[in-house]
Amino acid sequence: MQHLLALLLFVLSLFIQYRDCVQRALFIGLLFVFIQTAQARGPYWMPKRVLGSAELRWSDVKILQVPGSRTERLDAAIGDFVGAAQDRGLNFEVIERTGHFSKNSLVLQRVDGASGIGGGFTLRREGSRAFLRASNEAGWVNGLYTLADRAFGARWYWPEEIGYELVSVFDDTVPTRGLRVRPSFVQRRLHPVGTAFARRNRLQGVYSFNHNLARIFTPEVFQTTPEAFAEIGGKRAQPRKSAKYDPQPNFTSEAAVRLSAEAARDFFDAHPEANSFSLSINDNSLFDESAATEAVVAPLEYFRGLPNYTDLVFGYMNAVAEEVFRDPAYWNSADGAPRYLTALAYYWTEQSPSFKLHPRVMPVLTADRAQWHDPIFRREDRALIERWAGSGAERIATWDYYFGAPYPYPRQFTEQISESIPFLHDQGIDVFFSQLPSLWGLDGPKAWLSAQLLWDADQDSAVLQEEYFLSFFGAAAEPMRAFYELAERRRSRTAGAAKWIKFYKDEAGIELFDAATMRKLRDYLESAAGLVTDDGRRAERVAIVSQVFAFSEAYHAYQVARRALVESSFQALQSATNRDATTLASAWT
């Protein structure tokens, strides 16, 4: 356009210079011819523009160019992406990428620093090619599933083929202005949800923070450095290499700090790719009882009914971090990711510290946020999260307890999930872990919902749940929604005051559901089954829910029967006792 304007100005200047009518007429004619030619053909450096030429459609993309070296995870994602495209009538030829980028292709391209540890990615259209760029395979995997989700409407609500569904959304246009995606949480892990469900819903683990001190403070170390170990009952407690039964080390001991720092450095030396090392306490409340420890925790305070040892444990964490990260060589992993020392804020260490944390100490906040149905606990836990968010830690993690199994009933709490995940995100917490052993018929809605919010915490939870029921259960959507919502309301109303993982492995917990509620839940399932008799796929899904709920019904009947047996036994014993007392009284009189 700039060249065209310059040329027009030049011609007009000549027009002004020549006063002869014939010469002016000649220049006007040349100008007219030039403009017509420019409109018809365009400048040689600019492609011809017609309506829609600025767009690239997925239906025009014929090739998927992939790297020659791939993991099974990436191959599985490629297969799912190509399969979802085929279900939309699109066909991609998968070829290994060389130095040449084919026209009309989607190219998986590695770019340093494009996505980082969270598995983010960018999609950029360049002419007839689209480039899916990431710094690692996790980014490519997540990018393929995001495109399958957004463009083709592919969903994997449950594991395996029965969980796959195409929703009505189908966008054939490759984003013209590009797409840059960074997930809300860099770690999104639901354990031990099957790998296929995790991959397809862009879940991933990044950091390690399980109980680990028993692996550092071993029987062998005890022989050489006993002062690093706890005094229990007036003597040094010998370890058994058990994270469950070994007491915590003496956190006030300089030797304990030195041994922990050495263990962290040795681990990072052996694993240059590692970005975390766990110093989480053993899974018990056996702490050192020496005068040095008593001085740190005195005067003893309580939090959630338990002694508060947070300053003791996280003071030790700060000291270890100072020792480890004094050497800049340990600041980052081999791929440049920042490294952290992780520690569970767990049991006697749930309270926030009274001092600032070293930025490379990653606290892991443990809480059963299913208990947010209790307004007192909810307010207290939100305030606790806010305090930890201001603790000085560069990165904060959370460990939730989303258990389905071993709970023998639908332990639904989508309301609490919908509130807590965005709240954690707003507080800057971006590392998520939860245990979710699942019976999919009982736990499917909360597993899928939480996976979507962990990827993008700004999504509308109500919209996600609406899609889940309508797409997954079709004509049976309303009774199936009513089934899960009744189960959730019942649990929230009857569970009472919050208690950590309340009713976990408590067989009496089934009594949250009375007989009338169990009958109503069964009625919903029967109604749902009757609505999908001509839809085999959705009928199978309803049948799976119905079958697993039969286990809940059987367990409820078992609990009711054994309670009745115990009560009748006590009544019989009481009657016998009363008879014996009457007989004895008669004898005395």
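Below 30°, between 30° and 60°, or above 60°: for Phe209 and Phe433 the angle between ring planes is above 60°, a perpendicular geometry. In this pair, Phe229 and Phe217 present their aromatic rings perpendicular. The plane angle is above 60°, beyond the 30 to 60° band. Ring orientation note: the planes of Tyr484 and Phe469 are tilted relative to one another, at an angle of 30° to 60°. Ring orientation note: the planes of Phe267 and Phe277 are tilted relative to one another, at an angle of 30° to 60°. Using bins of under 30°, 30° to 60° and over 60° for the plane-to-plane angle, the ring pair Phe403/Tyr504 lands in the tilted bin.
Just one residue in the list Trp372, Tyr401, Tyr402 forms a ring pair (Phe, Tyr, Trp, His ring centres under 6.0 Å) with Phe413, and that residue is Tyr402. For the ring pair (Phe, Tyr, Trp, His ring centres under 6.0 Å) test with Phe513, the passing option among Tyr555, Tyr409, Tyr407 is Tyr409; the others fail.
Under the salt bridge (Lys or Arg N to Asp or Glu O under 4.0 Å) criterion, Asp381 pairs with Arg304, Arg369, not counting sequence neighbours. For Arg199, the side chain to side chain donor-acceptor pair (under 3.5 Å) partners at least two apart in sequence or on another chain are Asp80, Tyr145. For Asn210, the side-chain contact (heavy atoms from CB on, under 4.5 Å) partners two or more places apart in sequence, or in a different chain, are Trp399. Residues satisfying the side-chain contact (heavy atoms from CB on, under 4.5 Å) test with Ala497, not counting sequence neighbours, are Asp374. Applying the salt bridge (Lys or Arg N to Asp or Glu O under 4.0 Å) test to Glu415 and every residue at least two apart in sequence or in another chain returns nothing. Asp430 meets the side chain to side chain donor-acceptor pair (under 3.5 Å) test with Arg395; sequence neighbours excluded. By the side-chain contact (heavy atoms from CB on, under 4.5 Å) test, Ala237 is found to be paired with Ile232, Pro247, residues two or more places apart in sequence or in another chain being considered. Taking the salt bridge (Lys or Arg N to Asp or Glu O under 4.0 Å) definition, one finds that Arg537 meets it with Glu161, Glu165, sequence neighbours left out. Ala292 is linked by a side-chain contact (heavy atoms from CB on, under 4.5 Å) to Thr252, Ser290, counting only residues two or more places apart in sequence or in another chain. For Arg563, the salt bridge (Lys or Arg N to Asp or Glu O under 4.0 Å) partners at least two apart in sequence or on another chain are Glu511, Glu567.
The line from CG of Asn201 to CG of Leu449 is 11.0 Å long, rounded to the nearest 0.5 Å. Taking CD from Glu350 and CD from Glu380, the interatomic distance works out to 8.5 Å, rounded to the nearest 0.5 Å.
At a threshold of 4.5 Å between non-hydrogen side-chain atoms, the residues Arg541 and Ile162 count as touching. Between Gln452 and Arg202, some side-chain heavy-atom pair lies under the 4.5 Å cut-off. Between Thr310 and Trp348 the shortest side-chain heavy-atom distance does not fall below 4.5 Å. Side-chain contact between Gln371 and Ile501 is absent, with no heavy atoms from C-beta onward closer than 4.5 Å. Residues Met317 and His358 are not in side-chain contact: their nearest non-hydrogen atoms beyond the backbone lie 4.5 Å or more apart. Contact of the Tyr309 side chain with the Pro307 side chain is registered, since non-hydrogen atoms from C-beta on lie closer than 4.5 Å. Under the 4.5 Å side-chain criterion, counting only non-hydrogen atoms from C-beta, Thr349 is not in contact with Leu344. In this structure, Leu565 and Ser569 have side chains that are in contact, with non-hydrogen atoms separated by less than 4.5 Å.
Residue pairs satisfying the salt bridge (charged side-chain N to carboxylate O under 4.0 Å, His left out) criterion with at least one member in residues 245-255, sequence neighbours excluded, are absent. Pairs passing the side-chain hydrogen bond (donor to acceptor under 3.5 Å, both in side chains) check and including a residue from residues 461-476, sequence neighbours excluded, read Arg155-Glu467, Tyr157-Glu467, Trp158-Tyr468, Thr414-Gln465, Ser418-Ser461, Ser461-Gln465, Glu466-Arg481.
A distance-only check finds a donor-acceptor pair linking the side chain of His373 to the backbone of Gly496 [under 3.5 Å]. Under the 3.5 Å distance criterion, the side-chain polar atoms of Asn318 are left unmatched by any main-chain donor or acceptor of Leu357.
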Check the pair Trp455 / Phe185 against ring pair (Phe, Tyr, Trp, His ring centres under 6.0 Å), numbers first and verdict last. CA-CA 6 Å; Trp455 180 256; Phe185 288 76; over 10 Å; no

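The environment of Phe355 atom CZ is dense: over 12 non-hydrogen atoms of other residues, nucleotides or ligands sit within 6.0 angstrom. No more than 12 heavy atoms of other residues, nucleotides or ligands shown are found within 6.0 angstrom of CD on Glu301. More than 12 heavy atoms of other shown residues, nucleotides or ligands fall within 6.0 angstrom of atom CD in Glu394. The number of heavy-atom neighbours closer than 6.0 Å to NZ of Lys499, taken from other residues, nucleotides and ligands shown, is 12 or below. Remark: Leu300 CG is packed, more than 12 non-hydrogen atoms of other residues, nucleotides or ligands lying under 6.0 Å away.
Asp514 and Thr517 form a side-chain donor-acceptor contact under 3.5 Å, judged by distance and modelled atom types alone. Neither side chain, Asp400 nor Ser434, offers a donor N or O lying under 3.5 Å from an acceptor on the other.
Taking the six-membered ring for Trp and the full ring otherwise, Phe251 and Tyr316 have centroids separated by under 6.0 Å. Here the two rings, on Phe314 and Trp388, have centers that are under 6.0 Å apart.
Lys446 and Asp443 are joined by a salt bridge, as a carboxylate oxygen and a charged side-chain nitrogen come within less than 4.0 angstrom of each other. Under a 4.0 Å N-O distance rule, the pair Arg382/Glu386 does not qualify as a salt bridge.
Figure legend: Lys520 and Tyr524 shown as a cation-pi pair, the cationic atom lying under 6.0 angstrom from the six-membered ring centre and within 45 degrees of its axis.
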